[in-house]
Amino acid sequence: MKYPLDEFKNEIILNLKKTLFKYKCEIRLEIPAENMGDFAFPCFSLAPQAKKSPNEISKDAADKIEKSKWIAKAEAKGGYINFFVDDKHLISSTLTSIFKLNEKYGQLQKKDKKAIIEHTSANPNGPLHVGRARNPIIGDTIVRIFKAAGYNVESQFYLDDMGKQVAILVWGINNEDKISKDINNYYPPGSAYVSSKKNNADHQRVVFYQVSSNLMQRDDKVANEIGEIVKRSECGEHEVINLIHKAYSPVLEGIKESLNRINITVDKYVPESNFVKDKSVNSVVEKLKKSKYCSKEEGAFYLDMEPFGIQGRNTKFVFVRKDGTTLYATRDIAYHLWKAKHADLLVNILGEDHKLESKQVEIALNLMGAKIIPKVIFYSFVSLPDGKMSTRRGRVIYLDDLIDECVKRAYDEVEKRRGKELSKKKMREIAETVGIGALRYNIIKVQPEKDIVFKWEEALNFEGNAVPFIQYAHARACGILSKTINKKREFDSNTLKHDSEVKLVKQLAKFPLFIEEASSGYKPHIIASYLYETASKFNQFYRDCPVLSEKNTMLRRSRIAVVDATRIVLKNALQLLGISAPEEM
RNA sequence: GGGCCUGUAGCCUAGACUGGAUAGGGCGACAGCCUCCUAAGCUGUAGAUCGCGGGUUCGAAUCCCGCCAGGUCCGCCA
């Protein structure tokens, strides 16, 4: 797919190559500040070899740039060559491109490459909580962006069915009598964070996890029994693995439901036990044992991580226990080798607490000559104003409760504004769209590596740079279009001269560039900025350019086309964030 | 003790990888805009020693060094 701005860019690059043939340089274009042009080429790096000032270079070069159907003007300013696109040509080709491609507008050329994107991978011992809510949202957005960027994408949830966390749950479910005796010790009256009254299995069963986790710390007998479950599952005992499966399955169903509610489905759930059952983890162990960095200590095997730049109190990466069983990270290596067989690109979304483990896995994969090393997006935790969340301690806000609160709050807003005009059913529909969108947007608009302190007022803020602003722009566009009589799309780019029209259409033309940048740089949050900017420009157009009341027929039709094109772009970009675009709100 | 990440107006945030044109936005505050396509909107004002101190450079929020603060990790846990 070739987009108008690609053609403009290519023409600039060709021109610059001709003009600057004397110099050795890579031509990288920037987008200048508004009104300074559409693309800019900085001349600073050429100054040393040219022995001229950047100002002189840019002036000489700008004079030599030839005008063409794309290039309207090249201007030297402050050491930059600023290129101005031919507005008429850009407008007509952009609108044509949007109408032709419609829901596919923005998507990049198919790449014939498979990407496996692993995200969420939460322990199936309780409901998803807000502390880790960034994971599915970042993950699913990356999935959508990579699909748009032309990859063949599969999303995976690595299901931890062997570890201590899930063993604690299993013990609790099989010792219900002991749990019910202890439950009141666990939940003291008036405890602040015990909130969820939901009937879903994940909310019901997490109590077993919490109480038995507590018991385990006080009672060695319980601890031993749990340890036994872990050990037998790690040895690959089918009976125990089945018992575990029975315990967590309903919890996993609850997690899936929560994900579905925020428009997330995962293609494949991959149980960790697969790699024990199929013995692939054993071949990982055999290979690592042969490494020159491997040593043995009291029967356990470890890799020395120090030569690879790992520092700290302990630089040993143990991959086999003294009892011969493997560890989480060992199995993770087997999982990654398996993934690498089925993909050209691997992406993982992980909490920052996994940085060391991930590095160890990466080093081991390199030692084993793995073809693909995963690209990892780490995110910082969402914490509460008075500290971090913990499922074990029951000090959490569950994702489901946050979703409900967002939707409820959105309903109040709709009712306040449209209560007299709309049916309850319609308002509930809008509230669901706005509430879920607000949640996803608020999380995705911040860079993954920034810490977030969860505050209800901020999570539920519906003004300014928040999703209702964008959805409202889309609804406005739909409102105008629903009132048009002539449904045929016609436009004449000669009539679209108003500054607000030109700026808006230029913004629409940039959409594919943002998909390119978001995917190649693994930066989902820039799609959120793009949407905000687009909606904002549409609102300015709405203020300056009356559509339906415009007397000049051709101009009116052209403006309707601009509105329709904006509608398509907003919808497509919202879709990339997993947010629905309401036609009315 | 050490590693990694973060620190931009009262609050939240973009820009940092790839140094460059007056550091963009939003919330909140203040002042305006509905006889006209949904005011969940638009316009304007005030508000920033870019954590602190050095260095490299013609030029540093951006690169390097040191320090301070917060997060996170340094289990034969996951």
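Lettering follows sequence order; numbering is per chain, from 1. Since the structure is predicted, the reported quantities are computational estimates derived from the model, not experimental observations.
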If the cut-off is 4.0 Å, is A:N123 near the phosphate of B:A78, judged by side-chain N/O to OP1 or OP2?
no

Have a look at A:G78 and say if it touches a base, only the backbone sugar-phosphate, or nothing, with a 4.0 Å heavy-atom cut-off.
nothing

Closest to side chain of A:N314, choosing from B:C76, B:A39, B:U22:
B:C76

Report yes if a donor N or O on one partner sits less than 3.5 Å from an acceptor N or O on the other, where the partners are the side chain of A:R321 and the base of B:C76; otherwise report no.
no

Would you kindly give the OH-to-P distance between A:Y532 and B:G26, to the nearest whole Å?
5 Å

What is the distance from NZ of A:K231 to P of B:C76, rounded to the nearest Å?
17 Å

Less than 4.0 angstrom between a side-chain N/O of A:R543 and OP1 or OP2 of B:U43, yes or no?
yes

Taking only side-chain nitrogens and oxygens of A:Y542, does any of them come within less than 4.0 Å of OP1 or OP2 of B:A39?
yes

Assuming nearest nucleotide by heavy-atom distance, tell me which of A:Q540 and A:K322 is located more 5' along RNA chain B.
A:Q540

Quick one: label A:V414 by what it contacts on the DNA or RNA (base, sugar-phosphate, nothing), any heavy atom closer than 4.0 Å.
base

Contact class for A:K296 vs. all strands (heavy atom < 4.0 Å): base, sugar-phosphate, or nothing?
nothing

For a quick check of understanding: with a heavy-atom distance under 4.0 Å over all strands, which category does A:H354 fall into, base, sugar-phosphate or nothing?
base

Is A:Y472 stacked on the base of B:G41 when the test is centres under 5.5 angstrom and planes under 30 degrees?
no

Among B:A21, B:C37, B:C73, find the nucleotide with the atom closest to the side chain of A:K388.
B:C73

Checking all strands, does A:E457 fall into the base, sugar-phosphate, or nothing category for heavy-atom contacts under 4.0 angstrom?
nothing

So A:K483, base contact, sugar-phosphate only, or nothing? Heavy-atom distance under 4.0 Å.
sugar-phosphate

Who is the Watson-Crick or G-U wobble partner of B:A29, with both distances under 3.5 Å?
B:U45

Take atom C1' in B:G71 and the same atom in B:A9, then report the distance between them in whole Å.
23 Å

Length of the line joining A:F462:CZ and B:G41:P, which is rounded to integer Å:
12 Å

Quick check against the 3.5 Å criterion: does A:T325 have a side-chain atom that pairs as donor or acceptor with the backbone of A:C235?
no

In whole angstrom, give me the gap between the C1' atoms of B:C42 and B:A60.
37 Å

Could you give the distance separating B:G24 and B:A31 at their C1' atoms, to the nearest angstrom?
23 Å

For A:N125 and A:Y248, does a side-chain donor sit closer than 3.5 Å to a side-chain acceptor?
no

Gap in Å between the two P atoms, one belonging to B:G70 and one to B:C64, rounded
24 Å

A:I480 has an atom CD1; how far is it from atom C1' of B:U38, in whole Å?
10 Å

Rounded P spacing from B:G32 to B:G19 in Å:
47 Å

Please report the interatomic distance OG1(A:T326) to CZ(A:R331), rounded to the nearest 0.5 Å.
4.0 Å

Grab the CE-P distance between A:M305 and B:C4 for me, whole Å please.
17 Å

Measure from CD on A:E357 to P on B:A78 and round the result to the nearest Å.
10 Å

By the 4.0 Å heavy-atom rule, please label A:E458 as base, sugar-phosphate, or nothing.
sugar-phosphate

Do any N or O atoms from the side chain of A:S58 and from the backbone of A:C43 form a donor-acceptor pair under 3.5 angstrom?
no

Taking atom NZ of A:K52 as the centre, report whether more than 12 heavy atoms of other residues, nucleotides or ligands fall under 6.0 Å from it.
yes

Categorize A:A475 for me: base, sugar-phosphate, or nothing, with a 4.0 angstrom heavy-atom threshold over every strand shown.
base

Would you measure the distance from the C1' atom in B:C65 across to the matching atom in B:U18 and give it in whole Å?
22 Å

Among B:A21, B:A78, B:A40, the one nearest any side-chain atom of A:A40 is B:A21

Using atom CG of A:N465 as one end and atom P of B:G28 as the other, report the distance to the nearest whole Å.
13 Å

Ring-on-base stacking between A:F469 and B:A40, under 5.5 Å between centres and under 30° between planes: is it there?
no

Taking only N and O in the side chain of A:R313, is any of them less than 4.0 Å away from OP1 or OP2 of B:C73?
no

Measure from the side-chain N and O atoms of A:K445 to the backbone N and O of A:N465, and report whether any donor-acceptor pair falls under 3.5 Å.
yes

Write down the distance separating the C1' atoms in B:A16 and B:C77, rounded off to the nearest Å.
36 Å

Integer-rounded Å distance: B:A16 P and A:K450 NZ:
12 Å

Under 4.0 Å between any heavy atoms, over every strand shown, what does A:M162 touch: base, sugar-phosphate, or nothing? Just pick one.
nothing

So A:D323, base contact, sugar-phosphate only, or nothing? Heavy-atom distance under 4.0 Å.
nothing

What contact category does A:D451 fall into here, base, sugar-phosphate, or nothing, at under 4.0 angstrom with non-hydrogen atoms?
base

More 5' along RNA chain B: A:Q447 or A:A466, using each one's nearest nucleotide?
A:Q447

Pick base, sugar-phosphate or nothing for A:K316, based on heavy-atom distances below 4.0 Å to the nucleic acid.
nothing

Return the nearest nucleotide to the side chain of A:R28; candidates are B:U18, B:A14, B:C27.
B:U18

Donor-acceptor pair, distance only, cut-off 3.5 Å: does the side chain of A:R556 make one with the backbone of A:L548?
no

At 4.0 Å (heavy atoms only), tell me whether A:C545 reaches a base, stays on the sugar-phosphate, or touches nothing.
base

Could A:K375 and A:Y522 be counted as a cation-pi pair, given that NZ or CZ must be under 6.0 Å from the ring centre and within 45° of the axis?
yes

Check whether any side-chain N or O of A:D451 sits under 3.5 Å from a backbone N or O of A:S380 as a donor-acceptor pair, and report yes or no.
no

Pairwise P distance for B:C33 and B:U22, with rounding to whole Å
35 Å

With a 4.0 Å limit, can you tell me whether A:R476 has a side-chain N or O closer than that to the phosphate oxygens OP1/OP2 of B:U38?
no

Regarding A:E421, tell me which of base, sugar-phosphate or nothing describes its non-hydrogen contacts under 4.0 Å with the strands shown.
nothing

